[in-house]
Amino acid sequence: MKDDKKLVEEITSMHEDFAKWYTDVVLKADLVDYSSVGGCIIFRPYGYSIWENIQRELNRRFKETGHENVYMPLFIPESLLQKEKDHVEGFAPEVAWITHGGSEELTERLCVRPTSETLFCDHYSKIIHSYRDLPKLYNQWCSVVRWEKTTRPFLRTREFLWQEGHTAHATAEEAQEETIRMLNIYAEFCENVLAIPVVKGRKTEREKFAGAHATFTIESLMHDGKALQCGTSHNFGDGFAKAFDIQYTDKNNQLQYVHQTSWGVSTRLIGAIIMVHGDDSGLVLPPNAAPIQLVIVPIAQHKPGVLEKAREISGRLSGICRLKLDDSDKMPGWKFSEYEMKGIPLRLEIGPKDIENNQVVLVRRDNRQKEIVSMDDLENAIPRVLADIQKGLLEKARAMLKDKTYSAKTFAEFEKIINETPGFIKAMWCGSSECEETVKEKTGATARCIPFEQEELSQKCFCCGKEARHMVYWGKAY
RNA sequence: CGGGGUGUAGCGCAGUUGGUAGCGCACGUGGUUUGGGACCAUGGGGCCGGAGGUUCAAGUCCUCUCACCCCGACCA
């Protein structure tokens with residue numbers, strides 16, 4: 001078999017049609033099904049299981065840093081939503097409204113939460129009285145609704161699952177620390193669990209969250225050169241506190257407003273995994289996020305001893321990795337293709353010849369390398385190979401990010417890159433919203449972030465030529 | 001919200017000048033198979049997206065609707 005032979009014929013090649021490739025993968029890997037409600041998806045067990053892994057890993061990190069999970073209502077009274085002006089304006093166009101209970105019209109419309117800032121604020125205003133009540137470090141796992149016009153599985157759906165952390169602090173400094181702490185947790189999680197390298201930075205005024213003082217972001221780059229915002233962390237300062245009257249008495253018996261943050265990641269991360277690691281055979285999952293890390297495929301399973309051996313191995317390994325034994329009567333080749341589409345990191349083949357030789361065959365999903373391993377060494381070999389795959393995927397993704405990151409000094413250079421080799425473009429910027437607008441109009445690219453790691457590529461804004469203030473990562477985004 | 005496309009079996013499709021629906025895959029059963037998507041036999045499955053109309057007769061022609069997908073403008 002040639003390495004480059006396309007084994008899975010049901011998936012469109014990503015070079016042929018990236019959008020089609022994406023939806024093919026999403027459907028063929030059994031991650032989701034389309035639902036009867038426009039713009040919404042059904043998470044199938046395999047897709048939901050990835051989300052559960054994400055939840056488990058993040059929950060551990062949130063709890064290690066002192067956060068508690070809570071749950072707020074799905075509905076927000078219109079009056080509550082309207083308390084913070086920028087916030088309402090930002091979300092108004094995509095809010096879904098409840099107008100009736102049964103056949104009776106409600107006296108006040110209820111908004112289906114597009115995000116829960118207002119609910120947390122309302123609650124905080126009641127429960128925070130003293131500096132002794134601070135900080136409040138809350139998080140909630142829930143779904144939110146934003147009535148989007150264009151939708152794509154995971155990347156943009158009308159209802160999506162996410163987590164939103166909402167914290168209240170005594171001082172501006174503490175709030176800023178929290179904002180960055182959570183951004184760093186997201187970045188570490190993306191790299192170590194999802195094997196997705198990210199660029200950390202601050203959003204421009206134009207791109208920041210409605211109602212925030214500052215928004216920080218982690219941005220990643222997909223196979224097609226488009227950027228994907230993977231998570232955001234906002235510093236609200238005391239803006240919401242003033243709108244919602246969240247005050248506490250400090251040590252000197254003075255009334256003070258709290259300083260707040262919020263931060264979130266969503267099921268969009270699953271879209272990122274697909275578009276960063278996937279290939280023409282389908283999904284490729286990093287072991288740390290994979291619902292099933294190892295699939296055992298018995299060969300000639302009707303022959304005496306084969307299934308027994310496969311079951312024995314399954315039992316031995318079940319404590320050291322998440323695995324599945326497929327003893328259905330499908331052909332082995334069918335199983336190989338199926339689990340490649342599903343991105344299971346590692347496959348173990350066990351057949352009569354292997355049993356004779358006291359060995360098994362391991363095949364990696366990421367590079368299809370085969371390795372023959374002694375039956376006695378499985379407990380060492382499996383974790384070793386899984387760790388190696390995890391590491392390899394991150395390295396590969398890092399190389400891609402580096403490869404697709406360009407820099408431009410002039411507008412002409414910028415345009416040429418965006419049109420010919422899409423990716424991140426580093427370029428100096430004067431800080432004006434007008435230049436962002438111009439760039440967007442002429443090239444379709446937006447300022448993804450002002451990275452923490454600044455470089456001085458030149459003294460002048462690549463767009464208007466005036467004095468540059470920041471180096472910005474630009475790109476077309478999902 | 002604009003532009004394009006598609007709706008016929010679970011999925012993918014065919015269906016000629018209008019004559020009352022077919023193929024592949026999947027599924028059920030029996031058997032033979034199993035190191036890269038097996039084969040034979042046999043069986044089940046349909047208000048042709050919906051509503052009007054034209055006609056003796058509509059999957060097919062006309063009108064109107066609805067849904068979904070894709071591509072753009074706005075957004076986790």
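Protein chains get the first letters and strands the later ones, always in sequence-line order, with residue 1 at the start of each.
Note: A/Phe216 and A/Phe452 have tilted aromatic rings, judged against thresholds of 30 and 60 degrees for the angle between ring planes. In this structure, A/Phe62 and A/His67 have perpendicular ring planes: the angle between them is above 60°, well past the 30° mark. The aromatic rings of A/His87 and A/Phe209 sit tilted relative to each other, their planes meeting at an angle between 30° and 60°. A/Phe236 and A/His234 have parallel rings, their planes meeting at less than 30° on a 0 to 90° scale where 60° marks the start of perpendicular.
Annotated as anti: B/U34, whose glycosidic dihedral deviates from 0 by more than 90°. For B/C39, the O4'-C1' to base torsion is more than 90° from 0; the nucleotide is therefore anti.
Counting to the nearest Å, the P atom of B/U32 and the CG atom of A/Asp329 are 13 Å from each other. Taking atom CZ of A/Phe336 as the reference point, atom P of B/A38 lies 11 Å away to the nearest angstrom. The separation between A/Lys149 atom NZ and B/A73 atom C1' is 9 Å, rounded to whole Å. Look at CD on A/Glu441: it is 9 Å from P on B/C74, rounded to the nearest Å. Rounded to an integer number of Å, the gap from A/Met331 CE to B/A38 C1' is 4 Å. The nearest whole Å value for the distance from the CG atom in A/Leu307 to the C1' atom in B/U34 is 11 Å. In this entry the distance linking NZ of A/Lys330 with P of B/C39 reads 13 Å, nearest Å. Distance A/Trp147 CH2 to B/C1 P: 13 Å, rounded to the nearest Å.
Going from the C1' atom of B/A58 to that of B/G52 covers 13 Å, rounded to whole Å. Across B/U60 and B/G43, the matching P atoms stand 31 Å from one another, rounded to whole Å. As rounded to the nearest Å, B/A67 and B/A51 have C1' atoms that lie 14 Å from one another. Taking atom P in both B/U17 and B/C62, the straight-line distance is 14 Å, to the nearest Å. Nucleotides B/U65 and B/C23 have their P atoms positioned 37 Å apart, rounded to a whole Å. Taking atom P on both B/U42 and B/G10, the two are 24 Å apart, rounded to the nearest angstrom. B/G28 and B/G53 have their P atoms separated by 43 Å, with the value rounded to a whole Å. Separation of the C1' atoms belonging to B/A76 and B/U34 is 46 Å when rounded to the nearest angstrom.
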Working note: A/Ser143 + A/Glu159, criterion side-chain hydrogen bond (donor to acceptor under 3.5 Å, both in side chains); need CA distance, chi angles, decisive distance, verdict. CA-CA 6 Å; A/Ser143 72; A/Glu159 180 190 10; 2.7 Å; yes

Applying side chain to side chain contact (heavy atoms under 4.5 Å, CB included) to A/Arg365 and A/Ile344, what does each step give before you reach the verdict? CA-CA 7 Å; A/Arg365 173 62 180 90; A/Ile344 294 180; over 6 Å; no

With side chain to side chain contact (heavy atoms under 4.5 Å, CB included) as the criterion, how do A/Trp162 and A/Thr115 come out once you've worked through the C-alpha distance, each side chain's angles and the decisive distance to 0.1 Å? CA-CA 10 Å; A/Trp162 79 345; A/Thr115 178; 3.6 Å; yes

Evaluate A/Phe154 against A/Phe43 for ring pair (Phe, Tyr, Trp, His ring centres under 6.0 Å), listing each step before the verdict. CA-CA 10 Å; A/Phe154 298 123; A/Phe43 280 72; 5.6 Å; yes

I would like to know whether A/Tyr138 and A/Asn69 meet side chain to side chain contact (heavy atoms under 4.5 Å, CB included); could you show each step before the answer? CA-CA 6 Å; A/Tyr138 285 177; A/Asn69 283 332; over 6 Å; no

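Across all strands shown, B/G72 is found opposite B/C1 as a Watson-Crick or G-U wobble partner, with both distances under 3.5 Å. Within the shown strands, nothing qualifies as a pairing partner of B/G18 under the Watson-Crick or G-U definition with both distances less than 3.5 Å. A 3.5 Å limit on both hydrogen-bonding distances identifies no Watson-Crick or G-U partner for B/G37. Shown here, B/U42 forms a base pair with B/G28; the pair counts as Watson-Crick or G-U wobble because both key distances fall under 3.5 Å. The partner of B/A67 is B/U6, judged by Watson-Crick or G-U wobble contacts that both fall below 3.5 Å. Of all nucleotides present, none satisfies the Watson-Crick or G-U wobble test against B/U60 with each distance under 3.5 Å. Pair check for B/U55 finds none; no Watson-Crick or G-U wobble contact set falls under 3.5 Å.
Of the candidates B/A76, B/U34, B/C75, the closest approach to any side-chain atom of A/Gln229 belongs to B/A76. Of the candidates B/G36, B/U34, B/C74, B/G36 carries the atom nearest the A/Ser337 side chain, counting heavy atoms from C-beta on.
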A correct 5'-to-3' footprint of nucleotides 7-13 of chain B, with B, S and - meaning base, sugar-phosphate only and no protein heavy atom under 4.0 Å, is -------

If a protein heavy atom is under 4.0 Å from the base, mark B; if only from the sugar-phosphate, S; if neither, -; do that for nucleotides 66-71 of chain B going 5' to 3'. --SSSS

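Looking at which nucleotide of RNA chain B each of A/Tyr478 and A/Gly333 is closest to, the 5′-most match is held by A/Gly333. If you find the closest nucleotide of RNA chain B to A/Ala300 and to A/Trp334, the one lying nearer the 5' end belongs to A/Ala300.
Among the heavy atoms of the strands, none lies under 4.0 Å from A/Ser143. Counting any heavy atom pair closer than 4.0 Å across all strands shown, A/Lys476 reaches no nucleic acid atom. Within the 4.0 angstrom heavy-atom criterion, only backbone atoms of the sugar-phosphate kind lie near A/Glu94; the bases stay farther away.
Checked for salt-bridge contact, A/Glu340 and A/Arg368 meet the test: a charged N lies under 4.0 Å from a carboxylate O. Using a cut-off of 4.0 Å between Lys/Arg side-chain N and Asp/Glu carboxylate O, A/Glu415 and A/Lys442 are scored as not salt-bridged. Ion pair A/Asp327/A/Arg311 flagged as a salt bridge, since at least one NZ, NE, NH1 or NH2 atom sits closer than 4.0 Å to an Asp/Glu carboxylate oxygen. In this structure, A/Lys208 pairs ionically with A/Glu205, as a charged nitrogen and a carboxylate oxygen lie closer than 4.0 Å.
Dashed line: the shortest gap from a side-chain N or O of A/Lys203 to OP1 or OP2 of B/A76 is not under 4.0 Å.
Heavy atoms of other residues, nucleotides or ligands lying less than 6.0 angstrom from CG of A/Asp329 number 12 at most.
Near RNA chain B, meaning a heavy atom under 4.0 Å from it, residues 347-363 of chain A has A/Arg347, A/Glu349, A/Gly351, A/Pro352, A/Lys353, A/Asp354, A/Val361 in order of number.
Annotation for A/Gly237 and A/His213: closest pair CA-ND1, 3.6 Å, computed over non-hydrogen atoms.
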